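One structure is given below, encoded as C-alpha cells.
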Amino acid sequence: MRMSTVFLRTLRDDPADAEVESHKLLVRAGFIRKVASGIYSWLPLGNRVLRRVEQIVRSEMDGAGAQEVILPIVQPLELWERSGRDKAYGPFLFRLQDRKEAAFCLSPTAEEVITTMVAAEYSSYRDLPVNLYQVNWKYRDELRPRFGLLRGREFLMKDAYSFDLDVEGLRVNYAAMYDAYARVFTRCGLTFRAVEGEAGEIGGDINHEFMAVAAVGEDDFVWCQSCEYAANVEVARRKSGVSAAHDSAAIDVPAIEKVHTPGLSGIAGVADFLDVAQSDLLKCIAFDVDGDLGLALVPGDREVNEVALAQALAPRLIRLFTDDDFAARPDLAKGYIGPHYSGATVVVADPSVAAPRAWITGANEIDHHSRGVVLGRDFNVVTWADLVTIVSGDPCPECDGTLSVDRGIEVGQVFQLGTKYSTALGAFYTDENGDQHPMVMGCYGIGISRVVAAVVEEHHDDRGISWPASVAPFDAHLVVLPGKADGADEVKRIADELYEGLKRAGVEVLYDDRDASPGVKFADADLLGMPVQLTIGAKGLARGVVEVKVRVGGDRSDLPISDDLVPILVEKLRVSASENGEVVW
RNA sequence: CGGGAUGUGGCGCAGUUUGGUUAGCGCGCAGCGUUCGGGACGCUGAGGCCCCGGGUUCAAAUCCCGGCAUCCCGACCA
C-alpha cells in the first residue's frame, strides 16, 4: 500500500492520557484513537494487526474442530436473569432499553445465548459433541478502564463453547483448546505461561489462564523453577513444612506480657519499635463469616490469601471487615487484634502458625501488643488451612523446587464449566436409554484486542514498535529516497518497480512514497514497526543494491538489484519469519 | 464509591494566582522558496463554542455555583 494514501497521522508526542508503552505507541503510530474512556477506534494499520491476530486464532480454532458462528452483541436481559448472571455482573453489565422499554444488555460473554441456541437445536446424544466459537466485540463497564487496550470497556474477544455428553468428552475438548491456545500465543510472538486460575464470575471447575509475561500486567502468577506447576497467585499453594497438629503449649515461655505500642497499628511499625523481625509477629485479620467474626492468622511477614480463606470456609461466605464492621464492634481494636479475642468464633490459621514458638500479637486493646502469646495455651485454632499468599522463594507443592512470582497480562482463559448453564438454561440431551442429561460444557476465551497490546508490550524499543512478522500490518516497509539530484526519477522508478513486483508476488508492502525527508521516513518506519525495512536511494543505487534493515536489532545488509530481486526477497521474507513471528534474516 | 489532578485549534502545552488590547508557543496542516540518507530551514497563511450551563462584573479562558468528561491514587493485611 502506498503510504501517501494510507489514513495515517503519526504523533511526535506521547498522548497525555497514556501510561503504558503499548498505549503510547499504538496511539503515536496511528493504530488506534480514543473515542471515550476505554473505547477506541481502530485505524487502518491497527485494523490490519487486529485482523491478523484474529486470523491466527481462527485458523487454530478451525484446526481444533471448532465451528465459527456470530452471536448477537445486544442480548435480552431476561436471559441473564435466568442464569442469575445479571446480578453476578451487576454494574459491570452495560444495560439498555429498546423503544418499548424492554431490557437488553451488551454482551460481556455469551454463555446464555449459545446454551439457549444449542438447547433449541440439539437434544440427542447423537448430536454431541459440538464446539462453537465467535469473534466479536464484548462489553464490560469497567470500574476503571486503563492502560489503553489492556483494560477497555469495549474489546474484541474470541469466545468458544463446547458441549459434551460427559466429563470425559469435556476433557478432550478442553485439552484440544488448551493446545490450540498455546499455538496461538506462540504464533503471536508472546512469551506466556498457562497457569491454574480462579473461576471468577463464570463459575466452574478446572481452568487455566494464559498469561503473557509483562511488568505492566495486572495479575500475579506463581510458577515453579523446576517443574510444570504454575498458578494464579490467588489459587497458588506451597508445600506445608509444618504439621498442623503440633501442640506448642509445652514449650517453656513466660506468661503474656503487655507492651505499650502507641500509634503503631501496622506490622512494620511494631516490628521496628520492638526491634524484632516482622515474622515474629502474628497477623490477625478480621473477617465477617456469614455474620460471625472470623480471624485469619498468618505470620506477620505474610499476607492472607482471601481466595484460600474462602475455600477453607466454604460454603460459608466471607468478607473482609470494613470500617463499618469495626464500628459495629467497638471492642475489637483495629490494628491491635490478637488471636485470643474472645468474640472470635471462627479462627483459621496457616500451618506455619503451628511452629512451636511464642508470638507477638495485638493485645485487643488500642495502642497495646502482647508478647509471649503461645498456641494451645493462650489461643486456639479451629481450622487449619494454607492461607498465605505465595511469594518468590516459597517451596513448590508438587516437587522439591522453588516458586517464583511474576506479573502477567491475562490474554486467554479455558474453563471446564460443567453443567451450570446447561441445567439453568435447559440444554439437555437424551441418551441411548431415553434418559435426560444436562450437556457438559466448556468455555474458552481469547482477548484479541488485548493480545495486540500485549504484543506491543513485549515487542518495542525506544524508537517504536517492532511487530513479530506474524501479526505485523505489513510484511515489509519500503522506503524510497529519491532526493532532488539528476537520478531522482530513476530511483523512484526502481522503487516503484520493486513495490509492484513484491505486490504481484503476494507480499504485503507498505511503500513510503511520500514527499518527505529521509529522517521523517526512517523515524516513521521504526515507529510503525514493520519487521523488515527496505530502502532504495541514490546511495544504494550507486552500489547497485537495495538496503535491508531488520527492525528487531537493526541489522543491516544489502541485496543486489537484479531480475531475481523479487523472488529472492519473497523467499527471504518467507524463510525469515519463523513460527513465533521472529525474523531471522 | 472515596481522594487528587486536569479540561485552551488535530496533538503536546503556556496563559487562570492578581478579571482588562487582537488568546499565545512547539509539533502538525496549506502555499512559496531553499534543503534532501536518521524527525531540515525561511517566509506567508488557515484553523479556537478557551468542556457545558448558570451567576458576579462596565468587562470572564481567568472569580463564584452546578454539571459533564478525562487521567492518577485508593477502595484489603489490622
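Naming: A, B, ... by sequence-line order, numbering from 1 per chain. These numbers come from a predicted model, not from an experiment.
- For residues 306-345 of chain A, the set of pairs meeting the ring-ring contact (aromatic ring centres under 6.0 Å, His included) definition, not counting sequence neighbours, comprises F321(A)-F326(A), Y336(A)-H369(A).
- In this structure, G28(B) makes no Watson-Crick or G-U wobble pair, since no nucleotide meets both defining distances under 3.5 angstrom.
- Taking atom CZ of residue R463(A) and atom P of nucleotide G39(B), one finds them 10 Å apart after rounding to whole Å.
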Side chains of residues 476-488 of chain A: which donor-acceptor partners sit under 3.5 Å, not counting sequence neighbours?
none

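- Enclosure of atom CG in D275(A) is not indicated, since only 12 or fewer non-hydrogen atoms of other residues, nucleotides or ligands lie within 6.0 angstrom.
- No engagement by G300(A) is indicated, since no non-hydrogen atom pair under 4.0 Å with the nucleic acid exists.
- Comparing R12(A) and A268(A) along RNA chain B, the residue whose closest nucleotide (by nearest heavy atom) sits nearer the 5' end is R12(A).
- Among G39(B), C77(B), G38(B), the nucleotide with an atom closest to any side-chain atom of L527(A) is G39(B).
- For the residue pair D496(A)/Y511(A), the side-chain donor-acceptor check at 3.5 Å is satisfied.
- Nucleotides C71(B) and C63(B) have their C1' atoms positioned 26 Å apart, rounded to a whole Å.
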Can you give each donor-acceptor pair under 3.5 Å made by side-chain atoms of residues 90-97 of chain A, sequence neighbours left out, with the distance rounded to 0.1 Å?
from: R95(A); atom 1: NH2; to: D86(A); atom 2: O; distance (Å): 3.1
from: R95(A); atom 1: NH2; to: G90(A); atom 2: O; distance (Å): 3.1

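- For residues 35-45 of chain A, the side-chain hydrogen bond (donor to acceptor under 3.5 Å, both in side chains) pairs, not counting sequence neighbours, are H23(A)-Y40(A).
- Taking atom CG on L387(A) and atom P on C76(B), their separation rounds to 19 Å, with Å as the unit.
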What does the list of N/O pairs under 3.5 Å between the protein and nucleotides 30-36 of chain B look like, with a distance for each?
from: C36(B); atom 1: N4; to: K484(A); atom 2: NZ; distance (Å): 2.2

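- One atom, CZ of F522(A), and another, P of G37(B), lie 9 Å apart when rounded to the nearest Å.
- RNA chain B lies under 4.0 Å from at least one heavy atom of each of the following residues of residues 271-290 of chain A: K283(A), C284(A), I285(A), A286(A).
- Among C77(B), U70(B), G38(B), the nucleotide with an atom closest to any side-chain atom of E306(A) is C77(B).
- As the counterpart of U62(B), no nucleotide is assigned, since no Watson-Crick or G-U wobble pattern has both distances under 3.5 Å.
- Pairing of A5(B), defined by two Watson-Crick or G-U wobble distances under 3.5 Å, is identified with U70(B).
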Check nucleotides 4-15 of chain B against the protein and report each pair of N or O atoms closer than 3.5 Å, with its distance, or say if there are none.
from: G12(B); atom 1: OP1; to: A16(A); atom 2: N; distance (Å): 3.3

Which atom pairs, donor and acceptor, lie under 3.5 Å between side-chain atoms of residues 532-555 of chain A and protein residues at least two apart or in another chain?
from: Q533(A); atom 1: NE2; to: D526(A); atom 2: OD1; distance (Å): 2.8
from: R543(A); atom 1: NH2; to: D558(A); atom 2: OD1; distance (Å): 3.3
from: R543(A); atom 1: NH2; to: D558(A); atom 2: OD2; distance (Å): 2.5
from: K549(A); atom 1: NZ; to: D526(A); atom 2: OD1; distance (Å): 2.9
from: K549(A); atom 1: NZ; to: D526(A); atom 2: OD2; distance (Å): 3.3
from: R551(A); atom 1: NE; to: I465(A); atom 2: O; distance (Å): 3.2
from: R551(A); atom 1: NE; to: D526(A); atom 2: O; distance (Å): 2.9
from: R551(A); atom 1: NH1; to: D461(A); atom 2: OD2; distance (Å): 2.8
from: R551(A); atom 1: NH2; to: D461(A); atom 2: OD1; distance (Å): 2.9
from: R551(A); atom 1: NH2; to: G464(A); atom 2: O; distance (Å): 3.4
from: R551(A); atom 1: NH2; to: I465(A); atom 2: O; distance (Å): 3.4
from: R551(A); atom 1: NH2; to: D526(A); atom 2: O; distance (Å): 3.0

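- Here G47(B) presents its P atom at 19 Å from CZ of R9(A), a figure rounded to the nearest Å.
- Of the two residues near RNA chain B, R153(A) and R302(A), the one whose nearest nucleotide lies more 5' is R153(A).
- Minimum atom distance to the side chain of L143(A) is reached by A75(B), of the listed A75(B), U70(B), C77(B).
- Taking the six-membered ring where the residue is Trp, Y89(A) and W80(A) present perpendicular rings, their angle passing 60° and hence far from 30°.
- Atom P of nucleotide G39(B) and atom CE of M3(A) are separated by 16 Å, given to the nearest angstrom.
- Judged by distance alone with a 3.5 Å cut-off, no donor-acceptor contact links the side chain of R146(A) to the base of G74(B).
- For H459(A), there are no ring-ring contact (aromatic ring centres under 6.0 Å, His included) partners at least two apart in sequence or on another chain.
- Residues passing the salt bridge (charged side-chain N to carboxylate O under 4.0 Å, His left out) test with D301(A): none are found, sequence neighbours excluded.
- For R2(A) and D512(A), the salt-bridge test fails: no basic side-chain N is under 4.0 Å from an acidic carboxylate O.
- Between the base of G39(B) and the side chain of R514(A) there is no donor-acceptor pair shorter than 3.5 Å.
- Checked against U70(B), G39(B), G38(B), the side chain of K34(A) finds its nearest nucleotide in U70(B).
- Considering only side-chain atoms of T10(A), the nucleotide from C77(B), G38(B), G39(B) that sits closest is G39(B).
- For residues 276-291 of chain A, the set of pairs meeting the side-chain hydrogen bond (donor to acceptor under 3.5 Å, both in side chains) definition, not counting sequence neighbours, comprises D280(A)-R357(A).
- R237(A) is linked by a salt bridge (charged side-chain N to carboxylate O under 4.0 Å, His left out) to E398(A), counting only residues two or more places apart in sequence or in another chain.
- In this structure, K521(A) places its NZ atom 13 Å from C1' of G39(B), rounding to the nearest Å.
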